[in-house]
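First up is the structure itself, then whatever we jot down about it.
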Amino acid sequence: MRRTPLAVLGVLVTVLLVWVGTGPGAGQSEHETADDPRVRMARATWDTGWFQAEVYKLLLERLGYRVDGPVTMENDEFYHSVAAGDVDLWVNGWFPSHDRQLEHGLVETVGTQVDAGALQGYFVDSATASEHGITNLGDLADPSLAALFDLDGNGKADLIGCDVGWACADIIHHHLTAYRLAGTVEQVQGDYSPLISETIARQRAGEAVLYYTWTPNWTVGELVPGRDVVWLETPFPSLPPDQEAFLDRTSIPGLPGCANDPCQVGWPPNDIRAVANSGFLAHNPVVRKLLEQVVIPLEDISAQNALMVADEGDPEDFRRHAEDWALANDAMVSEWIHRADPDALVLAAQQQATPVTGGVLRVAARALPPFVIYENRGYSGFEVALIRLIAAHLGMQVEIYAVDTVAKQMDDITRGIAQVGLGGVAVTGPREERVDFSLPVLDTGLTVMAPTHASQGVGNRIVTFFRAITSSDLPWLMVVFGIVVLVSAHLIWWLERHHNPDFAVPYRRGIWDSFYWSVVTMSTVGYGDKVARGGLGRGFALVWIALGTLVFASFTASIASSLAVSELRGEISGPGDLPGHRVATVSGSAGDAYLVAVGVGPVLVDDIGEAYRLLEEGDVEAIVFDAPVLQFHTAHEGAGAITTVGPLFERVQYALMLSEADPELRERVNLALLELIESGLYRQVHERWFGAFG
C-alpha cells in the first residue's frame with residue numbers, strides 16, 4: 001500500500017513523540033500519578049474472552065494499578081486505539097489471525113496466555129454428517145448437500161460465521177473463494193452469540209447445522225466434537241496472503257470427530273496474547289514483566305465459559321470467576337506478582353486479611369533508605385512495603401506524607417495528624433516516653449563505614465602529609481615563631497644599627513635585613529653574609545642560636561608526631577579501631593550514644609546524608625550508624641569507595657511509631673505483623689531489601 005509523503009511524515013512524528021516520552025500512550029495517562037498508576041484496558045467483543053480480561057484486571061490491581069475498564073471494542077477499533085495511545089492494552093490478541101493488525105506500529109504483543117491452543121474450524125452435526133457422508137467443507141460444492149443447511153431458502157448452505165470486523169470473518173470469505181464454494185455456501189454474519197445459541201437449539205431439535213467456532217469457547221461444551229458434531233476438513237491448506245507462512249500448521253493431530261488424523265482444519269492454531277502500546281510498556285516495566293508470565297490453561301477458560309452460559313453470565317459473575325481462579329492458583333499468581341514487582345504484595349495479604357474496617361491509615365514517613373525511599377513521586381522501601389501489607393490486613397487504605405525529622409513525626413502522631421510514623425526509627429527510652437511502638441519490624445545493630453583502603457600513591461601521601469600538619473600544633477607554633485622572629489629582628493637592629501653596615505639605617509631598610517638575619521640565625525644555617533659585630537649584638541646572637549635549636553627541634557617533633565599518629569591509625573577494621581579517629585554519626589541516634597560511651601567524641605550531624613558528605617571529603621574517617629542504612633548506601637551509592645567493616649554491635653530494634661492514645665490500633669497492627677510473619681510475607685519483604693535470613 002502506498003502512502004503519501006504527508007502520511008509518512010505523520011507516522012514519523014508519532015514515532016518521535018512516543019520515543020521522547022510525550023506522545024500518545026508514552027507515559028502516564030492524563031490523571032495518572034506515580035502513587036496512583038493507571039491502566040486503560042480494553043476487551044474483545046466475544047464474551048468468551050472476558051474471563052481472561054477479568055483475570056488480568058485482577059492481577060494488575062494486585063500489582064498496584066487502578067484499572068479503567070475493560071471497555072469492549074471491535075478488533076479494528078482496538079488496534080487503532082492502542083496505537084494512538086487511547087487505550088493501553090487488551091489480552092484478547094489472536095495470532096497469527098491478528099498479525100495484520102500489528103502494521104499500525106507502536107504496538108506489541110507481550111507474553112503468551114494460551115500457547116497454540118486456540119483452535120478454529122468448521123462443524124456439522126454428527127447425524128447429518130453420518131447420513132450423507134460429509135467429512136470435508138469441499139463436499140458442500142454439491143448443491144444437494146448444501147441445501148441441507150439452507151435456512152433462508154436461497155439454495156445456499158448457511159454457514160454461521162463471524163461478526164463483521166473479526167479476523168475470522170475475512171478468513172472464512174477467503175476459504176469460500178479458494179474452495180470455489182461461493183455459489184453454494186454463504187457466511188451468515190451478525191451477533192455471534194445469539195446465532196450460535198439458535199444453532200445449538202436446532203441441533204438438539206434434530207435439525208442439520210453448519211457453523212464455525214473456536215476453542216476456548218463454551219460452544220465446544222454444548223456441542224461436543226466427536227459426539228454431537230464432527231470437524232470438517234478443508235480440501236487443502238489455504239490462507240490469506242498475510243498468513244501464508246502458517247500453511248504448514250493447519251493440520252492438527254488428535255481431534256475427536258474428524259475423519260482423518262491429523263485433521264486438515266484449514267486454520268493454524270492461534271496463540272492468545274496480550275497486546276499493548278509500546279510506550280505504555282516502556283514506562284511501566286512491571287506491567288511488561290507481569291504480562292510476560294501469565295498463562296491460563298485452556299481447560300480453565302473452557303470451564304469458565306461453561307459456567308458463563310449456565311446462568312452465571314452477569315458482570316459480577318465474571319469478576320467472581322476470576323477471583324476464584326486466582327485463589328485456586330494462589331501460589332502461581334503470587335509468584336507472578338512477586339517477580340513483576342517484589343513490593344507488590346498487598347493483594348496477597350488481602351486474601352488473608354482480617355475483616356474490612358475501612359478508613360485511611362495516615363503515615364508520616366521520613367526518607368531513610370532502605371526503610372523509606374522517595375523517588376519518581378512515589379514511596380518504596382522495606383517499611384513502606386510492610387505498612388501497605390499491614391493496612392491490607394486492617395482493611396484500610398494507606399496515605400503517606402513526608403516529614404524531615406523524627407521530632408516532627410512524634411509531634412504529628414501526638415496531635416493525631418498521623419497514626420503511624422516510619423523511616424528506620426530505632427526504639428529508645430526517650431522516644432518511648434512520648435509515643436508508643438509496635439512490635440519490632442527489624443532487629444539488627446550498629447556498624448562502621450570507612451573508606452575502602454588501597455595502596456597510597458604520591459598524591460595520597462602528599463595529602464596525608466598536609467593533613468598531618470594541619471591536625472597538629474604546628475600551625476600555632478608557626479604563629480608564635482613569626483612573632484618571636486619579628487621581636488628578635490627589632491632587637492638586633494637596635495643593637496647594631498650605629499656601628500654595623502650589615503644592619504642599615506634607616507629603619508625601613510634595616511628592619512628587613514634584621515628579619516633575614518633573625519631567621520637564618522634561628523635555623524642555625526648562619527650564612528655569614530650578615531653577622532653581629534658589637535658585644536651586645538654577639539651575645540644576643542649566641543642566645544638566639546640556642547633558642548633556634550630548641551624551636552626547630554619542636555617543629556620537627558610536632559610534624560613527626562602527627563605523621564606517626566596518622567600511620568598508626570591505619571585502616572579502620574571495626575569498632576575497636578575507632579578511638580583516635582574522627583567519627584561521624586547522627587545526633588541523638590544510637591550511634592551517638594555508643595560513641596560517647598566508649599570515649600570517642602563524635603562529629604555530630606543532623607542527617608546521615610551530611611555524614612556521607614564528610615566521609616567523602618575526608619573530613620571524617622568513619623561513620624557509625626544503623627547497619628541496614630549504611631549497608632544499603634554502600635551497596636547502591638558507594639561505588640567501591642566505601643565499605644562497612646567489622647561485626648554488628650550494640651543491638652538496635654526498629655519499630656513503627658504509634659500513638660499512645662490509640663492502644664486498639666497498636667494491638668491490630670501487632671496482630672497484622674504476626675500474621676505477616678506466619679504467612680511468609682514478611683520473609684519475602686525482608687529478602688527483597690536485606691537478603692535472606694541468616
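Throughout, residue positions are numbered sequentially from 1 according to the sequence presented.
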For residues [X] and [Y], report the shortest heavy-atom separation together with the two atoms involved.
| X | Y | value |
| --- | --- | --- |
| Val209 | Asp125 | N-OD1, 2.9 Å |
| Val114 | Ala118 | CG1-N, 4.1 Å |
| Ile252 | Asp261 | O-OD1, 4.4 Å |

Evaluate the ring planes of [X] and [Y], with Trp represented by its six-membered ring, and classify them as parallel (under 30°), tilted (30 to 60°) or perpendicular (over 60°).
| X | Y | answer |
| --- | --- | --- |
| Tyr682 | His686 | tilted |
| Trp90 | Phe78 | parallel |
| Trp214 | Tyr192 | tilted |

Evaluate the criterion side-chain contact (heavy atoms from CB on, under 4.5 Å) for residue pair Leu307 and His321; output intermediate values, then yes/no.
-> CA-CA 9 Å; Leu307 293 175; His321 295 158; 4.0 Å; yes
For residues [X] and [Y], is any side-chain donor paired with an opposing acceptor at under 3.5 Å?
| X | Y | answer |
| --- | --- | --- |
| Ser193 | Asp191 | no |
| Thr112 | Asp271 | no |
| His175 | Thr234 | no |
| Gln120 | Thr213 | no |
| Gln264 | Ser251 | no |
| His173 | Gln187 | yes |

Could I get the full list of side chain to side chain contact (heavy atoms under 4.5 Å, CB included) partners for Asp139, not counting sequence neighbours?
->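 Asp139: side chain to side chain contact (heavy atoms under 4.5 Å, CB included) contacts with Ile134, Thr135, Asn136, Leu145.
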Distance from [X] atom [atom1] to [Y] atom [atom2], nearest 0.5 Å?
| X | Y | atom1 | atom2 | answer |
| --- | --- | --- | --- | --- |
| Gln52 | Ile301 | CD | CD1 | 4.0 Å |
| Lys156 | Leu181 | NZ | CG | 11.0 Å |
| Met396 | Arg388 | CE | CZ | 15.0 Å |
| Asn270 | Arg249 | CG | CZ | 8.0 Å |

Sub-3.5 Å donor-acceptor pair from the side chain of [X] to the main-chain atoms of [Y], do we have one?
| X | Y | value |
| --- | --- | --- |
| Thr250 | Leu247 | yes |
| Asn284 | Phe280 | yes |
| Ser679 | Leu676 | yes |
| Asn217 | Thr219 | yes |
| Gln397 | Val360 | no |

For the side chain to side chain contact (heavy atoms under 4.5 Å, CB included) test, which of Leu176, Asn154, Asp150, Leu159 pairs with Glu186?
->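 Running side chain to side chain contact (heavy atoms under 4.5 Å, CB included) over Leu176, Asn154, Asp150, Leu159 with Glu186 returns exactly one hit, Asn154.
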Heavy atoms of other groups near Arg320 CZ, more than 12 under 6.0 Å |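 More than 12 heavy atoms, drawn from other residues, nucleotides or ligands, come within 6.0 Å of this atom.
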Keeping to residues at least two apart or across chains, list the salt bridge (Lys or Arg N to Asp or Glu O under 4.0 Å) pairs with something in residues 158-170.
->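 Counting only pairs at least two positions apart or across chains, the salt bridge (Lys or Arg N to Asp or Glu O under 4.0 Å) contacts touching residues 158-170 are Arg100-Asp170.
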Does any pair with a residue in residues 208-234 pass salt bridge (Lys or Arg N to Asp or Glu O under 4.0 Å), and if so which ones, sequence neighbours excluded?
->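 Non-adjacent pairs meeting salt bridge (Lys or Arg N to Asp or Glu O under 4.0 Å): Arg204-Glu222.
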Carefully, step by step, assess Phe149 and Tyr211 under the rule side-chain contact (heavy atoms from CB on, under 4.5 Å).
-> CA-CA 10 Å; Phe149 307 99; Tyr211 64 96; over 6 Å; no
